[in-house]
**Q** 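The structure under discussion is supplied below as structure tokens; questions concerning it will follow.
All heavy atoms count here, side chains included; hydrogens, waters and symmetry mates do not.
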Amino acid sequence: MPFRRKIMPFNSQWTFAFLIFTASQCLANDDHEMEEFLKREFSLSKPYQGVGSLGSSHWELMGDGMVTTEQVRLTPDMQSRQGAVWSRTPCHLKDWEMQVHFKIHGQGKKNLNGDGLAIWYTKERMQKGPVFGNMDNFTGLGVFVDTYPNEEKHLERIFPFVLAMVGNGTISYDHERDGRPTELGGCNAMVRNLKHDTFLFIRYIRRRLTVMIDIDGQHEWRDCLDLPGVNLPQGYYFGASAVTGDLSDNHDIVSLKLYQLTVLRSEKEEAEEEEEITLPSVDNIELLRLGQVEEGMSAVGIFFAVLFSMLGCVFLIVIGMVVYSHWNENRRKRFY
């Protein structure tokens, strides 16, 4: 179905330097002709024929996952459940786009629900674990729809929250801080118990990761994350997983549709991207980490911090001028 794109400003945690860097990359990368082709062997949709059956499907169920006529239910609305669905075939596409039709719903109200679901593109598959039903220290990309705030003191972040993380096999997901130390960015997304369809869009093209959401029933994509310099190897597996704890929800996947993107590249671009990626990484990750403003600091806080810094500079200049004036006056008196 056709979608319109609605632009949303970046999270206030990005510094001006990183915003300028990202914006310049966006402007440089936008004007490229592109075609897309649905790859059925990496897509999951109704009527889910053979899903979970040995050898007769491209997708495999794990844990508490089950197939119904309307969706693949990763977890029921029950405590302490986890389930997943994984592609059996590694994906060797260079540029791709995943459109996820999902539902999160249950009996809990407000934040009395948990814990969320994840979409994966990873080296490992079919591994149970604590990260939304998948293993920790994963290798690849995880996009999380986190529905429960573990770090309660950060009240400025509204949950549910969508965030992305790239792991290289040694980076652990921090549950106590809701993944903040390793997140690449994200946005809030009120996705629970909605009567209309909800969608998540993940695009990886020319080593640039874009995440968008459509959760308002208006067929409009809203920007959530747009980051250049994301290096993902080919040959990894797509999957989806979810987990519940003391609180619960139904976590449903209605469809996963993967599109191969064909992009026209210049000879210079082809040469720059010729080197094979062997380990997931993010360029300028140090700048990204340093560029994140101290957590809990709002836009107003940033404004006052800059204002007081400027006033401090003016104060130091004035003091310096007064001291210099007195020193010069005393010098002249001694001379005469």
Side-chain angles (χ1 to χ4, degrees), residues 29 32-45 48-62 72 84-101 118-127 129 131 134-135 137-144 164-171 184 200-212 225-241 253 255-283:
N29 292 342
H32 289 268
E33 296 184 26
M34 180 175 63
E35 295 181 343
E36 58 182 35
F37 305 92
L38 178 66
K39 303 295 289 184
R40 298 187 182 279
E41 64 270 32
F42 299 111
S43 299
L44 176 67
S45 58
Y48 315 114
Q49 292 181 348
V51 172
S53 302
L54 294 176
S56 61
S57 171
H58 294 294
W59 294 85
E60 187 173 358
L61 282 175
M62 185 181 71
V72 175
V85 60
W86 283 94
S87 172
R88 298 180 188 269
T89 308
C91 178
H92 292 276
L93 300 180
K94 192 172 186 179
D95 303 296
W96 48 265
E97 175 182 296
M98 175 68 81
Q99 294 186 16
V100 184
H101 183 182
I119 306 299
W120 302 97
Y121 175 71
T122 56
K123 179 180 180 181
E124 308 86 6
R125 63 182 294 273
M126 300 294 290
Q127 299 291 325
V131 186
N134 190 28
M135 63 178 290
N137 299 309
F138 60 87
T139 309
L141 170 68
V143 178
F144 312 136
M165 171 183 170
V166 169
N168 60 10
T170 64
I171 302 174
L184 302 179
L200 180 67
F201 170 103
I202 306 168
R203 173 182 285 174
Y204 182 67
I205 179 172
R206 303 177 72 249
R207 302 189 181 182
R208 175 178 173 182
L209 176 66
T210 303
V211 177
M212 294 190 287
L225 167 69
D226 196 358
L227 186 66
V230 178
N231 307 299
L232 298 176
Q234 300 177 39
Y236 283 10
Y237 296 90
F238 286 104
S241 67
I253 296 294
S255 67
L256 298 170
K257 294 184 178 180
L258 184 74
Y259 294 87
Q260 178 181 2
L261 303 180
T262 303
V263 184
L264 296 180
R265 288 176 167 84
S266 65
E267 293 183 1
K268 180 181 179 181
E269 291 169 337
E270 289 286 357
E272 290 175 349
E273 299 181 16
E274 188 175 19
E275 183 179 354
E276 182 182 3
I277 302 172
T278 57
L279 194 66
S281 64
V282 179
D283 296 342

**Q** Taking Trp59 for its side chain and Ser43 for its backbone only, find out whether a donor-acceptor pair lies under 3.5 Å.
**A** yes
**Q** Tell me if a side-chain donor or acceptor on Asp95 pairs with a main-chain N or O of Arg206 at a distance below 3.5 Å.
**A** yes
**Q** What heavy-atom pair brings Ile277 and Pro233 nearest, and what distance separates the two atoms?
**A** O-CB, 3.4 Å
**Q** Report the C-alpha separation of Arg125 and Glu60 in whole Å, then their side-chain angles, then the decisive distance to 0.1 Å, and conclude whether the side-chain contact (heavy atoms from CB on, under 4.5 Å) test is met.
**A** CA-CA 10 Å; Arg125 63 182 294 273; Glu60 187 173 358; 2.9 Å; yes
**Q** Taking atom CD as the centre, does Glu267 end up with more than 12 heavy-atom neighbours from other residues, nucleotides or ligands that are less than 6.0 angstrom away?
**A** no
**Q** When rounded to the nearest 0.5 angstrom, what is the spacing between CD in Gln260 and NE2 in His92?
**A** 12.5 Å
**Q** Between Phe37 and Trp96, does the ring centre distance come in under 6.0 Å?
**A** no
**Q** Do Leu261 and Lys94 touch side chain to side chain, with heavy atoms closer than 4.5 Å?
**A** no
**Q** In the structure I gave you, are the side-chain heavy atoms of His101 and Lys257 within less than 4.5 Å of one another anywhere?
**A** no
**Q** Quick one: list whatever passes salt bridge (Lys or Arg N to Asp or Glu O under 4.0 Å) with Arg207, sequence neighbours left out.
**A** none
**Q** So do Phe138 and Met165 actually touch side chain to side chain, heavy atoms under 4.5 Å?
**A** yes
**Q** Search all heavy atoms of Leu38 against all heavy atoms of Leu258 and return the closest pair with its distance.
**A** CD1-O, 3.5 Å
**Q** About how many Å separate CZ of Arg203 and CG of Asp226, when rounded to the nearest 0.5 Å?
**A** 9.5 Å
**Q** Just do the side-chain contact (heavy atoms from CB on, under 4.5 Å) check on Phe238 and Leu256 with the steps written out, would you?
**A** CA-CA 9 Å; Phe238 286 104; Leu256 298 170; over 6 Å; no
**Q** Can you name the residues that form a side-chain hydrogen bond (donor to acceptor under 3.5 Å, both in side chains) with Thr139, not counting sequence neighbours?
**A** Glu124
**Q** To the nearest 0.5 Å, what is the distance between CG (Leu279) and CG (Asn231)?
**A** 9.5 Å
**Q** Determine whether Leu232 and Tyr204 satisfy the following criterion, side-chain contact (heavy atoms from CB on, under 4.5 Å), listing intermediate values before the conclusion.
**A** CA-CA 9 Å; Leu232 298 176; Tyr204 182 67; 3.9 Å; yes
**Q** Only counting residues at least two apart or in another chain, list the ones meeting side-chain hydrogen bond (donor to acceptor under 3.5 Å, both in side chains) with Ser45.
**A** none
**Q** Hey, is Arg208 close enough to Asp283 for a salt bridge, meaning N to O under 4.0 Å?
**A** no
**Q** Where the side chain of Tyr48 meets the backbone of Ser255, is there a donor-acceptor pair that is under 3.5 Å apart?
**A** no
**Q** With rounding to the nearest 0.5 angstrom, report the CD1 to CE distance, Ile119 to Met98.
**A** 7.5 Å
**Q** Check side-chain hydrogen bond (donor to acceptor under 3.5 Å, both in side chains) between Thr170 and all other residues, then give those that pass, not counting sequence neighbours.
**A** Asn168
**Q** With sequence neighbours excluded, tell me which residues meet salt bridge (Lys or Arg N to Asp or Glu O under 4.0 Å) with Lys39.
**A** Glu41
**Q** What are the two closest non-hydrogen atoms of Phe201 and Gln99, and how far apart are they?
**A** CD1-CG, 4.1 Å
**Q** Looking at residues at least two apart in the chain, or sitting in another chain, which of them share a side-chain hydrogen bond (donor to acceptor under 3.5 Å, both in side chains) with Trp120?
**A** Ser241
**Q** Output, in order, the C-alpha distance, side-chain angles, deciding distance and verdict of side-chain contact (heavy atoms from CB on, under 4.5 Å) for Ile202 and Leu209.
**A** CA-CA 7 Å; Ile202 306 168; Leu209 176 66; 3.9 Å; yes
**Q** Compare all side-chain heavy atoms of Thr210 with those of Leu225 and state whether any distance is below 4.5 angstrom.
**A** no
**Q** Within the 4.5 Å heavy-atom criterion, are Tyr121 and Cys91 side-chain neighbours or not?
**A** yes
**Q** For Arg88 versus Tyr237, what's the shortest heavy-atom pair and its separation?
**A** O-CE2, 3.5 Å
**Q** Output the distance between atom CD (Glu97) and atom CD1 (Ile205), rounded to the nearest 0.5 Å.
**A** 8.5 Å
**Q** To the nearest 0.5 Å, what is the distance between CH2 (Trp86) and OG1 (Thr122)?
**A** 3.5 Å
